[in-house]
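Values in this document were obtained by computation on a predicted structure and should not be read as measured data. Any value given below was found using the heavy atoms of this structure, including those in side chains, with hydrogens, waters and symmetry copies removed. Chain A is the first sequence line, chain B the second, and so forth, proteins listed ahead of strands; every chain is numbered from 1.
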There are 2 protein chains.
Amino acid sequence: MPKRRDSIESHARLIAAAQREFAVHGVNASLEAIARDAGVAIGTLYRHFPTRMDLLIAAFEPRFQEFLDGASSALEIEDPWARLVAYLENLFRVQAGDRGFNDFLSRRFPSNAETERIHDQMCEQIDTVLAQAQQSGQARPDIALADIVNLIWSNGRMMDATGTTAPNEWRRHLYLMLDAYRAERAHPIPEPPMTQEQLYNAMVHLGKAY
Amino acid sequence: MPKRRDSIESHARLIAAAQREFAVHGVNASLEAIARDAGVAIGTLYRHFPTRMDLLIAAFEPRFQEFLDGASSALEIEDPWARLVAYLENLFRVQAGDRGFNDFLSRRFPSNAETERIHDQMCEQIDTVLAQAQQSGQARPDIALADIVNLIWSNGRMMDATGTTAPNEWRRHLYLMLDAYRAERAHPIPEPPMTQEQLYNAMVHLGKAY
DNA sequence: GAATAAGAGGAGGTGCCCCTCAGGTTGTCA
DNA sequence: TGACAACCTGAGGGGCACCTCCTCTTATTC
């Protein structure tokens with residue numbers, strides 16, 4: 001918590017700039033560009049946020065809250081299928097147009113306990129909502145968490161391509177995929193889903209940008 | 001067409017190295033890394049391939065042939081749905097494990113007439129195969145070329161994440177999506193597909209790497 | 001209003017990449 | 001075998017990004 005007035009201001013400007021830059025360029029956005037955008041020197045950025053992760057967490061905290069609020073509402077829905085749909089719609093809505101937040105949800109950062117906790121929590125929640133829809137016979141039994149994460153990944157790539165020109169395309173993609181998830185439309189899938197371990201490693205691997 | 005023996009050899013080594021590097025790092029792979037991998041100096045690379053695009057075309061030519069051969073076989077299948085499935089399975093099989101070729105198919109390079117022709121041809125083919133499966137009542141009528149391209153994009157991101165650790169995951173994803181494409185008991189999708197123009201722009205935009 | 005500690009600035013070292021070009025090398029052909 | 005054109009090399013300039021650290025500035029406090 002900084003004390004000096006100018007320090008507080010720099011802090012706020014940096015967070016705002018980071019949100020803008022991460023939203024457009026993803027979590028690997030240039031820190032120098034963020035400092036420029038905030039109107040402060042690069043040294044000031046590093047004074048406030050020694051690592052990229054510090055800045056990421058500060059920038060996405062409100063967005064993650066937004067996600068949690070929406071998730072709570074969704075989880076109150078009675079019907080398991082409708083609950084799954086609402087949960088996923090909320091999950092993707094908060095990502096829409098924010099390339100960085102999608103990156104953030106797509107990956108794992110093993111060296112950071114705080115984000116690991118967030119991800120564990122989210123994965124567990126998705127797992128539960130999905131399992132309930134499967135138990136009710138509405139969702140096909142042969143899909144898994146990994147398939148949902150795959151959908152998150154796809155969404156990121158769609159943003160890379162469409163930028164801001166097709167801002168609702170995520171919703172089309174989601175509803176199309178939901179039709180694939182329905183039990184009554186299911187046909188056998190020739191490959192098993194990724195194991196938990198494969199999924200985890202893949203989410204980490206995504207961080208080693210290529 | 002180079003004449004000197006050493007030149008021919010350099011040429012071949014460069015193409016081989018480019019195939020390896022593009023496969024792992026995508027079409028933006030470092031040209032210096034390719035030269036290193038080929039065991040030639042960077043100047044030699046530029047002598048043989050003045051632009052990145054020249055190298056891309058040389059590197060992917062055989063892979064594209066492979067695709068065309070598989071596509072021909074698929075197109076001979078009688079049943080329109082089975083034809084669509086075979087066509088897509090071939091399309092994704094040739095991309096599997098080659099991040100660069102996926103990039104190549106995912107994008108448009110408006111400044112290069114040769115690749116534009118290739119892409120036009122491919123889009124037209126997909127459009128036809130899809131339309132036939134729709135006319136036969138097997139594929140739902142509310143999907144379009146853009147949805148298939150979306151699947152190509154998704155595939156690329158899956159490769160980013162899984163690398164070589166889950167080499168058959170593309171097949172799972174494809175078959176899941178095929179279930180979404182089936183006409184029987186399809187549910188309405190709340191958003192329209194991208195227009196041809198939006199799709200084209202998105203494919204170009206993907207090139208402006210972020 | 002002066003002292004001070006916290007903050008801001010930004011030059012500069014390092015690393016990676018793009019691309020060019022001057023000068024040395026070598027395969028080929030007469 | 002000698003001459004030459006084609007070829008190869010790699011240093012180096014320009015860009016961008018990361019990150020550090022020394023210097024200067026300034027809000028605050030007494």
Side-chain angles (χ1 to χ4, degrees), chain A residues 1-59 99-100 103 107 109 111-112 207-210, chain B residues 1-18 20-59 99-100 103 107 109 111-112 160 207-210:
Chain A
M1 290 299 143
K3 269 195 356 199
R4 269 171 57 167
R5 181 159 37 83
D6 57 346
S7 171
I8 294 171
E9 200 171 311
S10 292
H11 199 264
R13 292 164 70 89
L14 279 167
I15 290 179
Q19 287 169 339
R20 284 190 291 272
E21 294 288 324
F22 287 144
V24 176
H25 299 109
V27 297
N28 291 328
S30 158
L31 297 182
E32 294 190 331
I34 291 174
R36 260 196 310 275
D37 186 345
V40 304
I42 183 67
T44 302
L45 182 150
Y46 279 97
R47 160 172 282 273
H48 285 271
F49 304 99
T51 70
R52 179 183 293 270
M53 183 55 75
D54 295 323
L55 190 49
L56 282 175
I57 291 175
R99 194 64 191 73
D103 273 349
R107 300 180 186 180
F109 307 90
S111 59
N112 186 285
K208 298 173 181 105
Y210 274 122
Chain B
M1 293 298 143
K3 267 190 6 190
R4 270 171 56 167
R5 180 160 36 81
D6 56 348
S7 172
I8 293 171
E9 199 172 310
S10 292
H11 199 264
R13 292 163 70 89
L14 278 166
I15 289 179
R20 284 190 293 272
E21 295 288 323
F22 286 144
V24 176
H25 298 111
V27 296
N28 292 330
S30 158
L31 297 182
E32 293 192 329
I34 292 174
R36 261 196 309 276
D37 185 346
V40 303
I42 183 65
T44 303
L45 182 149
Y46 279 97
R47 158 170 283 273
H48 285 272
F49 303 99
T51 71
R52 180 182 292 269
M53 182 55 76
D54 294 323
L55 190 49
L56 282 175
I57 291 175
R99 193 64 191 72
D103 273 348
R107 301 181 186 180
F109 308 89
S111 60
N112 187 285
D160 287 341
K208 296 171 182 111
Y210 274 121

Item to check | Rounded distance (nearest 0.5 Å) linking atom CZ of F49(B) with atom CG of L56(B) | outcome: 10.5 Å
What's touching nucleotides 10-13 of chain D from the protein side, N or O pairs under 3.5 Å?
unit_1, atom_1, unit_2, atom_2, d
dG10(D), O6, G43(B), N, 3.4

Checklist entry - Tell me: NE2 of H25(A) to C1' of dC16(D), nearest whole Å? => result 13 Å
Checklist entry - What distance separates D37(B) CG from S30(B) OG, expressed to the nearest 0.5 Å? => result 10.5 Å
Item to check | V24(B) and R20(B), any side-chain heavy atoms less than 4.5 Å apart | outcome: no
Next on the checklist: Side chain of H48(B), heavy atoms from C-beta onward: which of dC8(D), dA8(C), dC18(C) has the nearest atom to it?
Outcome noted: dC8(D)
Checklist entry - Roughly how many Å is it from CD in E21(A) to P in dC16(D), rounded to a whole number? => result 15 Å
Checklist entry - Of the candidate nucleotides dA6(C), dA5(D), dC17(C), which contains the atom at the shortest distance from the side chain of R4(B)? => result dA5(D)
Checklist entry - Nearest-Å distance, CZ (R5(A)) to P (dT25(D))? => result 18 Å
Next on the checklist: Does dC8(D) have its OP1 or OP2 closer than 4.0 Å to a side-chain nitrogen or oxygen of S10(B)?
Outcome noted: yes
Next on the checklist: My understanding is that only residues two or more places apart in sequence, or in another chain, count here; which of them pass salt bridge (Lys or Arg N to Asp or Glu O under 4.0 Å) with R47(A)?
Outcome noted: none
Next on the checklist: Under 4.0 Å, counting only non-hydrogen atoms across every strand here, what does A35(B) touch: a base, just sugar-phosphate, or nothing?
Outcome noted: nothing
Checklist entry - OP1 or OP2 of dC18(C) less than 4.0 angstrom from a side-chain nitrogen or oxygen of R52(B), does that happen here? => result yes
Checklist entry - To the nearest Å, how far apart are L45(A) CG and dA17(D) P? => result 13 Å
Checklist entry - Between N28(A) (CG) and dC19(D) (P), how many Å, whole number? => result 11 Å
Next on the checklist: Looking at S7(B), I'd like to know whether one of its side-chain N or O atoms comes within less than 4.0 Å of OP1 or OP2 on dG27(C).
Outcome noted: no
Item to check | Side-chain heavy atoms of R107(A) within contact of V27(A), under 4.5 Å | outcome: yes
Next on the checklist: In whole Å, I'd like the distance from the CG atom of D6(B) to the P atom of dT28(C).
Outcome noted: 7 Å
Next on the checklist: Need to verify one output field. Residue with the more 5' nearest nucleotide on DNA chain D, S30(A) or P50(A)?
Outcome noted: S30(A)
Checklist entry - So, do L45(A) and L55(A) sit near enough that their side-chain heavy atoms are less than 4.5 Å apart? => result yes
Item to check | Nearest-angstrom distance from the residue atom CZ of F49(A) to P of dT20(D) | outcome: 16 Å
Item to check | Test item: D103(A) and F22(A) side chains (from C-beta on) under 4.5 Å apart, heavy atoms | outcome: no
Checklist outcome for this item: Whole-Å distance, R47(B) CZ to dC19(C) C1', equals 15 Å
